[in-house]
Amino acid sequence: MVRYLVIGAGRAAQNFVCYFKLLGLQFEQWNRHETTQKLKVQLQTATHVLLLISDRAISEFHQTHLSNYPGQTLHFSGALEVPGVISVHPLMTFTDRLFSLEDYKKIPFVTTSQEDFSKLLPGLPNPSFYLNPEKKAYYHALCVLSGNFTTLLWQKMNEGLRELGLPEGIQIPYMEQIFKNLKDNPGAALTGPLMRKDLQTVLANDRALSQDSSREIYRAFVHTYFPEAFSQLEGAK
């Protein structure tokens, strides 16, 4: 019988505990605030140990507590490759808000193991995809660029609109349409002055950001996607 042991108590751990409950899978959970004696007892019956802890803690935890563990050990980090631990990364972002069963089932997993996913995580019906370990760092960088950095940009817009005295949430239809464009036709989703190669608007945007710390972010995008305009930005104050 498959019996999971979830290590951790953060957002990802709580989401997978919820998922396992919805699927009716057998599991236990342990976190660093509990005794190592409890952990030793749980390891005696666990067939799969899932390390849903911070990246910096994975290797040390494995060496300290699992060096003689005979079952399967997996971590969910999108960035790390740890000897002796199988990498299975859920391509999803987790908050304190839990998902429905159907939403959990849709989460794709990216793994650097060529073993069948049904053996890596028995009982999970999720789609899975193999990734060459040498390409994992680039894969994770793409995840951060697209997810974390866009979140920072939207948070910047929220803050700026409040400072301008505009109503809370006024940007949501714009936000939703951008995502719809990306979903429906990603290759044609870009709009605005970078797409149009509109130098005058780019220069005007840059001047408007002259006292704003995000000006360098704006310039970095111009440098990457409209390099012909970048030399003129460099001379601007």
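Position 1 is the first residue of the sequence, and the numbers go up from there.
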Is there a salt bridge (Lys or Arg N to Asp or Glu O under 4.0 Å) between Arg162 and Glu159 once you walk through the steps?
CA-CA 5 Å; Arg162 281 197 300 270; Glu159 176 188 334; 5.6 Å; no
Would a distance-only check, ignoring hydrogens and angles, find a side-chain to backbone donor-acceptor pair under 3.5 Å from Asn126 to Ile107?
yes
Side-chain donor/acceptor of Gln29 to backbone N/O of Gly8, under 3.5 Å
yes
Are Tyr225 and Tyr218 linked, directly or through intermediate hydrophobic residues, by side-chain heavy-atom contacts shorter than 4.5 Å (ILVMFWY only)?
yes
Side chain to side chain contact (heavy atoms under 4.5 Å, CB included) partners for Val41, two or more places apart
Gln37
Side-chain contact test, heavy atoms from C-beta onward, threshold under 4.5 Å: evaluate it for Asn181 versus Leu190 and give yes or no.
no
Could you tell me if the side chain of Phe16 sits less than 4.5 Å from the side chain of Phe76, heavy atoms only?
yes
Taking C-beta and beyond as the side chain, do Thr47 and Met1 meet within less than 4.5 Å on heavy atoms?
no
Given Ser77, which of Val88, Val85, Ile58, Leu51 fulfils the side chain to side chain contact (heavy atoms under 4.5 Å, CB included) condition?
Ile58
Are the charged groups of Lys38 and Glu34 less than 4.0 angstrom apart, N to O?
yes
Residues pairing under salt bridge (Lys or Arg N to Asp or Glu O under 4.0 Å) where one sits in residues 63-75, two or more places apart or in two chains, turn out to be none
Stepwise side chain to side chain donor-acceptor pair (under 3.5 Å) test for Lys136 and Thr112:
CA-CA 8 Å; Lys136 189 173 184 183; Thr112 53; 5.0 Å; no
Once the angle between the rings of Trp30 and Phe61 is folded into 0 to 90°, is it parallel (under 30°), tilted (30 to 60°) or perpendicular (over 60°)?
tilted
Is there side-chain contact between Met175 and Trp154, with at least one heavy-atom pair below 4.5 Å?
yes
Once the angle between the rings of Phe20 and Phe27 is folded into 0 to 90°, is it parallel (under 30°), tilted (30 to 60°) or perpendicular (over 60°)?
tilted
Can you tell if the side chain of Val110 reaches within under 4.5 Å of the side chain of Ser128, non-hydrogen atoms only?
no
Quick check: closest heavy atoms across Pro133 and Glu81, and the distance to 0.1 Å?
CB-OE1, 4.1 Å
Please evaluate residues Asp103 and Ser100 with respect to the criterion side chain to side chain donor-acceptor pair (under 3.5 Å), reporting the C-alpha separation (whole Å), side-chain torsions for both, the decisive distance (0.1 Å), and the verdict.
CA-CA 5 Å; Asp103 285 337; Ser100 70; 3.3 Å; yes
Less than 4.5 Å apart, side chain to side chain, heavy atoms only: is that true for Ile170 and Leu161?
yes
Is it true that Leu50 and Leu22 fall in one hydrophobic cluster, defined by side-chain heavy atoms closer than 4.5 Å?
yes
Side-chain contact test, heavy atoms from C-beta onward, threshold under 4.5 Å: evaluate it for Phe117 versus Leu124 and give yes or no.
yes
Would you indicate whether the side-chain heavy atoms of Asp212 and Lys156 approach each other to under 4.5 Å?
yes
OG-CG distance between Ser87 and Leu80, expressed to the nearest 0.5 angstrom
8.0 Å
Positive for ring pair (Phe, Tyr, Trp, His ring centres under 6.0 Å) with His89, one of Tyr130, Tyr139, Phe109:
Tyr139
Test Ser59 against Gln63 for side chain to side chain donor-acceptor pair (under 3.5 Å), laying out the working first.
CA-CA 6 Å; Ser59 182; Gln63 293 173 11; 3.3 Å; yes
Can you measure from OG (Ser113) to CD (Gln72) and round to the nearest 0.5 angstrom?
7.5 Å
Does Val49 offer a backbone N or O that forms a donor-acceptor pair with the side chain of Thr73 under 3.5 Å?
no
